[in-house]
Colleague: 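One structure, as structure tokens, below. Some questions next.
The first residue in the sequence is number 1, and the count goes up from there. One-based numbering, in listed order, for ligands and for the atoms of each.
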Amino acid sequence: MKNVNTLFKTKYPVIQGGMANIATAELASAVSNAGGLGLIGAGGYDANWVRTEIRKCKELTDQPFGVNIMLMSPHAPEIAKVVVEEGVKVVTTGAGSPGIYMESWKKAGIVVVPVVPSVALAIRMERQGADAVVAEGTESGGHIGESTTMALIPQMADALSIPVIAAGGIADKRGVLAAFALGAKGVQIGTVLLATKECPVHENYKQKVVKAKDTDTVVTGRGTGAPVRVLKNKMAIEYLNMSTAGVPLVELEKLTLGSLRRAVFDGDLDRGSFMAGQISGLVKEVKTVKEVLQALFDGVNEYKENLEVM
Ligand code: TUI
């Protein structure tokens, strides 16, 4: 099985989450320059925005980087062409199955890594030609599945012969080691990167992650087929109360329309959607991206040697 550092040409076996509205060329290049695989998150942006960010990223780093395509976006088909035209080396996908794009991406020599929340989907992705998968546990921020990282990783590792990259709940060396112990060959991180100097979110977003404790996330939209984990605030609580009271979906959608942008750009603490994972409680300070990656990996083998089970 191919080593993840060989697959991505990285120093550290880590990729950045494709965080919509957050993962710009600025963040992606910082992650790539620090030795991980940075990703531009296409989110709901159009193909021109993605092309511009790819070109910016090429200016900001000479290291490999990728693009994350959020498949629920109406712009996904066009973005799928742009990554080929721009010679992007790695594509990760989320919120759907990338099957229809696989052939064109493989023909272009792109390393394809779907993000999936279940073993069945992962098996489908391997059959369709995926080079690796990100197994995303329900601890993650944003749009999530049901299984925990702890349960998902070993089951996926047993079911696949391509590398499994673990996501959800990883923010320090212990998380990295746990993921590898469960059978992962790499990790994806998102939440811990929100609290970095290079992350282009409003300062309020960073501070909300830093101040969060273990129980401070909730999942909205469980009834809609697109559950989303966010940090608790007035809007999230209101959403859950309305949802319990049986308020129709269209009304709930009005409440959350544009809410991710309100969090990311305006730092609107009451009415923003602060997508973040359960590991927020472990994130205590704003660091540089380089410091985050070093904290995850430097000395990890020595740390492993000191683990004593019995
Ligand atoms: O995609 C994510 N995380 C995201 S996307 C996002 S933008 C958004 N905002 C509001 C509502 C919905 C999306 C914010 N965070 N992670 C990867 C991920 N993929 N999680 C779950 C899935 C997934 C779900 C269903 C992948 C495949 C899938 O397939 C269904 C099918 O059968 O095709």
Colleague: Would you please name every residue forming a ring pair (Phe, Tyr, Trp, His ring centres under 6.0 Å) with Tyr101, sequence neighbours left out?
Modeller: Trp105

Colleague: Hey, does the side chain of Glu126 reach the backbone of Ser161 with a donor-acceptor pair shorter than 3.5 angstrom?
Modeller: yes

Colleague: Salt bridge between Arg271 and Glu238, side-chain N to carboxylate O under 4.0 Å?
Modeller: yes

Colleague: Does Glu251 come within less than 4.0 Å of Lys254, counting only side-chain N to carboxylate O?
Modeller: yes

Colleague: Tabulated below should be the N or O atoms of ligand 1 paired with protein N or O atoms at under 3.5 Å; can you produce that?
Modeller:
{"from": "ligand 1", "atom 1": "1 (O)", "to": "Ala95", "atom 2": "N", "distance (Å)": "3.4"}
{"from": "ligand 1", "atom 1": "3 (N)", "to": "His143", "atom 2": "O", "distance (Å)": "3.3"}
{"from": "ligand 1", "atom 1": "15 (N)", "to": "His143", "atom 2": "N", "distance (Å)": "2.9"}
{"from": "ligand 1", "atom 1": "16 (N)", "to": "Glu136", "atom 2": "OE1", "distance (Å)": "3.0"}
{"from": "ligand 1", "atom 1": "16 (N)", "to": "Glu136", "atom 2": "OE2", "distance (Å)": "3.4"}
{"from": "ligand 1", "atom 1": "16 (N)", "to": "His143", "atom 2": "O", "distance (Å)": "3.4"}
{"from": "ligand 1", "atom 1": "19 (N)", "to": "Ala95", "atom 2": "N", "distance (Å)": "3.0"}
{"from": "ligand 1", "atom 1": "20 (N)", "to": "Glu136", "atom 2": "OE1", "distance (Å)": "3.4"}
{"from": "ligand 1", "atom 1": "20 (N)", "to": "His143", "atom 2": "O", "distance (Å)": "3.1"}

Colleague: Students often mix this up, so state it plainly: with edges at 30° and 60°, are the rings of Phe274 and Tyr205 parallel, tilted or perpendicular?
Modeller: perpendicular

Colleague: For Gln16 and Leu39, indicate whether the former's side chain and the latter's backbone hold a donor-acceptor pair under 3.5 Å.
Modeller: yes

